[in-house]
Amino acid sequence: MTDYTKPARVRVAPSPTGHMHLGTARTALYDYLLAKKTGGKFILRVEDTDLKRTVPGAEQEIMDGLRWLGLDYDEGPDVGGAFGPYRQTERREIYQQHANILINKGHAYPCFCTPERLDKMRKEQQARKESFHYDGTCRRLNPDEAARRVANGEPHVIRFKTPKEGVTIAHDHLRGDISIENKNIDDYVIIKTDGLPTYHLAAMVDDHLMQVTHVLRGAEWLSTFPLHVNVVRAFGWDEPVWIHLSVFLKPSGKGKLSKRDAEHAMKDGYSVFIKDMEELGFIPEGVLNWMALMGWGVPEDDVMSLDEMVERFSIDSLTPSPAAINFTKLDHFNGTHIRLLSDADLTARVKPFFIKAGFSVNDDLLLKISPLIRERLVTLDDCIAFAGFFFQDVVEPIPDELIAKGLDAKQSAAIARKAYEILSALPDLNHQTTEPPMRAYVEQSGLSANQVFGILRVAITGQKVSPPLFVSIAIIGKEKSLQRLKKAIEILEKM
RNA sequence: GUCCCCAUCGUCUAGGGGCCCAGGACGAAGCCCUCUCAAGGCUUAAACUGGAGUUCGAAUCUCCAUGGGGACACCA
């Protein structure tokens, strides 16, 4: 069992190379949960050492995404902290110093092989159906000569000197010991020609310097895991607890998420990018709950707030197997959490959607509407479909929909006229005054409530599906309701 | 191709040798409630990949096979 009394220091370390992904968000969530659970710190570190792939704005998107989700970090590029800087490009010298330490200890060496040579070698090995591995040319160089060439300014990289013999055993908290023969681990580049480190060095150095206690990262790192462990050991440092999280598979379960899947999801009103979630009408509570359960086994009662997750979280109950993402389940959690919102909260969240749809919003009115639509919403943007008619001056019912089931236009018109008669006679159209007389009419007419109320619904809301009729009428008010009814009668009479 | 990881209902998962003719959730089907749509309540169908062991006893431990996934960059 894991000890949760010691404050953990955990970090999420995304690279700003594209949109913030579900995978990053989920890692951040687990990081956050562990940090909060132990009274520790949650850190954001930006791994931007690949200048070519860095895209402007990506870092901001990550920070915005984390904040939108409510995963506020204690240390990071824009909030500072005692272990900064938190952007790897600002830590260049640190990595160079550490690479030198490794060289001096005999655990790394400069390599002068050109990309062209490497490329040729790679192709040859491929032709022989071998996996690529560095042939060790520069590993055999005399260290003094190598140092001289470096001093002369000759372009070079620095490679880690992986032991040739023996086995490396790395321990993953979820999978146990993972052993791999050293001959299968390449001499990876740890400092590139541009002087910046690769992940293999940078992450290890930073995790140590930032006193990270638990490394949570994607399972795609499993194959280089032994290398990383060797790097840490070469420095003589203590290892963090390593936790490799399962990867997300496409909804079909066949393969991991691709660009194509991202596009496909968009077409269905979903996204694998955090930045899209808000606009699609998802709320952080729903997204969080949904993500949390892909890779974390919770025995029962799986609807949880962030705080409840902190309460219940345990790294021991994380699961190692890959998980296919399931957007239908996102819908479920989103709807469930929407239903947990207070009237005021829901009103505030739904308001931007009405504004975006072009309605001029009245806060008092919206506050009355919110409770009516709450249990009907799967995503926030559904509010337009359910309640847009409240804000419209006129409503345009589809003529055919005004005709009740089993009746014709004439009969429907008669019912509408009768309804008009009943409602117009009332001094005030509130829920208590309108429903009884209308029910009484249904009784004596021998029609079904479905038929009568159906006509009324389409007449007044303009749609076949709406919140409860009489409450809706009360909110719309007598004048507007009667106007709409009258218009419906005219439509029916013309049919 | 090589190496590594994973394996319970369609999906996410509980399960750590007897409590399991396998539990929960989503989804599906049906019923109830009902002015529509929802929400809610109840019910049903639905899984331990296969084979060898170990054991009195295996979903649970071991091995093999199979299937799936990942990695094989001067990317992270």
Side-chain angles (χ1 to χ4, degrees), chain A residues 13-17 47-50 52-53 88 111 113-115 118-119 122 125-126 128-133 155-159 172 174-175 178-181 183-186 188-194 196-200 202-203 217-226 244 246-247 249 251-256 290 293-303 317 319-326 328-333 335-336 339 373-378 382 385-386 435 438-439 442 448-458 461 463-470:
Chain A
S15 58
T17 52
E47 311 224 321
D48 55 353
T49 54
D50 187 348
K52 287 186 284 283
R53 291 204 315 154
Q88 290 186 327
C111 172
C113 296
T114 62
L118 261 20
D119 228 40
R122 197 181 340 261
Q125 287 172 345
Q126 236 158 40
R128 275 178 272 132
K129 300 208 166 175
E130 290 172 20
S131 62
F132 174 73
H133 53 271
H156 66 283
V157 301
I158 294 171
R159 288 181 183 274
D172 175 87
L174 303 180
R175 299 156 214 264
I178 291 166
S179 67
I180 182 167
E181 293 190 63
K183 65 177 184 204
N184 288 323
I185 312 175
D186 205 6
Y188 282 88
V189 171
I190 56 175
I191 297 274
K192 300 177 281 180
T193 312
D194 65 5
L196 282 166
T198 60
Y199 176 93
H200 312 305
R217 38 141 57 165
E220 62 269 22
W221 290 113
L222 230 29
S223 56
T224 40
F225 182 24
H244 292 88
S246 63
V247 294
L249 269 25
S252 63
K254 304 275 177 211
K256 77 168 185 181
W290 173 61
L293 264 19
M294 290 188 286
W296 173 21
V298 175
E300 235 128 288
D301 299 325
D302 59 2
V303 175
S317 49
T319 55
S321 42
I325 62 167
N326 179 189
T328 315
K329 208 155 183 170
L330 170 59
D331 279 341
H332 165 255
F333 280 113
T336 302
R339 268 170 257 134
I373 57 174
R374 179 191 284 112
E375 62 221 27
R376 284 160 242 270
L377 300 181
V378 171
D382 289 341
F386 282 113
E435 188 161 356
M438 286 305 300
R439 290 254 175 225
V442 169
S448 73
N450 216 318
Q451 291 172 310
V452 176
F453 298 166
I455 294 171
L456 217 45
R457 163 173 287 107
V458 175
T461 69
Q463 42 198 242
K464 289 179 82 168
V465 173
S466 83
L469 221 208
F470 297 104

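Chain naming here is simple, since letters A, B, ... match the order of the sequence lines and numbering starts at 1 in each.
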Residues M438(A), L456(A); criterion side chain to side chain contact (heavy atoms under 4.5 Å, CB included); working and verdict: CA-CA 10 Å; M438(A) 286 305 300; L456(A) 217 45; 3.8 Å; yes
How is G335(A) classified with respect to the nucleic acid when contacts are heavy atoms under 4.0 Å: base, sugar-phosphate, or nothing? nothing
I'd like to know if the side chain of R53(A) reaches the main chain of S15(A), judged simply by a donor and an acceptor atom lying under 3.5 Å from each other, with no hydrogens or angles considered. no
Can you check each nucleotide of nucleotides 30-44 of chain B against protein heavy atoms at under 4.0 Å and return B for base, S for sugar-phosphate only, - for none, in 5' to 3' order? -----BBBBSS----
Which nucleotide in the list rA14(B), rC12(B), rC4(B) gets nearest to the side chain of L293(A)? rC12(B)
Using the ring pair (Phe, Tyr, Trp, His ring centres under 6.0 Å) criterion, which residues pair with F333(A)? Sequence neighbours excluded. none
Shortest non-hydrogen contact between G253(A) and A324(A), atoms and distance: CA-CB, 3.9 Å
If a protein heavy atom is under 4.0 Å from the base, mark B; if only from the sugar-phosphate, S; if neither, -; do that for nucleotides 70-76 of chain B going 5' to 3'. SSBSBBB
Letter per nucleotide, 5' to 3', of nucleotides 19-27 of chain B [B base touched, S only sugar-phosphate touched, - untouched; heavy atoms, 4.0 Å]: ----BSBSS
So what's rG57(B) paired with, Watson-Crick or G-U wobble, going by both distances under 3.5 Å? none
Pair partner, rG67(B) [Watson-Crick or wobble, under 3.5 Å]: rC6(B)
Tell me: CD of E181(A) to C1' of rC3(B), nearest whole Å? 10 Å
Roughly how far apart, to the nearest Å, are rG69(B) and rG53(B) at atom P? 31 Å
Determine which nucleotide pairs with rC31(B), using a 3.5 Å limit on both distances of a Watson-Crick or G-U wobble pair. rG41(B)
Give the intermediate values and the outcome of side chain to side chain contact (heavy atoms under 4.5 Å, CB included) for residues R376(A) and D382(A). CA-CA 8 Å; R376(A) 284 160 242 270; D382(A) 289 341; over 6 Å; no
Return the pairing partner of rC72(B) with a 3.5 Å limit on both distances, Watson-Crick or G-U wobble; otherwise return none. rG1(B)
Using atom C1' of each nucleotide, how far apart are rA25(B) and rC9(B) to the nearest Å? 12 Å
Which base, if any, makes a Watson-Crick or G-U wobble pair with rA25(B), both distances under 3.5 Å? rU11(B)
If you measure from the C1' atom in rC72(B) to the same atom in rG16(B), how many Å do you get, rounded? 34 Å
For the C1' atoms, the ones on rA58(B) and on rA22(B), what distance do you get once it is rounded to whole angstrom? 13 Å
Applying side chain to side chain contact (heavy atoms under 4.5 Å, CB included) to F386(A) and R374(A), what does each step give before you reach the verdict? CA-CA 10 Å; F386(A) 282 113; R374(A) 179 191 284 112; over 6 Å; no
Which residues share a salt bridge (Lys or Arg N to Asp or Glu O under 4.0 Å) with R122(A), sequence neighbours left out: D119(A)
Residue set satisfying ring pair (Phe, Tyr, Trp, His ring centres under 6.0 Å) with H200(A), at least two apart, ordered chain then number -> Y188(A), H228(A)
Using the P atom on both, measure rG70(B) against rC12(B) and round to a whole Å. 14 Å
Between S246(A) and S321(A), is there a donor-acceptor pair closer than 3.5 Å when you use the side chain of the first and the backbone of the second? yes
Considering every strand shown, what is the Watson-Crick or G-U wobble mate of rU36(B) when both distances are under 3.5 Å? none
For R175(A) and A219(A), work out which heavy atoms get closest and say how close. NH2-CB, 4.1 Å
Parallel, tilted or perpendicular: rings of Y199(A) and W221(A) (30°, 60°): parallel
Whole-angstrom distance between rG68(B) and rC74(B), as gauged at atom C1': 33 Å
Keeping the roles fixed (side chain from T198(A), backbone from V189(A)), state whether a donor-acceptor pair exists under 3.5 Å. yes
rU13(B) and rC6(B), which share atom name C1', separated by this distance in whole Å: 15 Å
Would you say the side chain of K464(A) lies within less than 4.5 Å of the side chain of V458(A), judging by non-hydrogen atoms? yes
Between rG10(B) (C1') and M294(A) (CE): distance, integer Å: 16 Å
Roughly how many Å apart are rA14(B) and rU55(B), using the P atom of each and rounding to a whole number? 30 Å
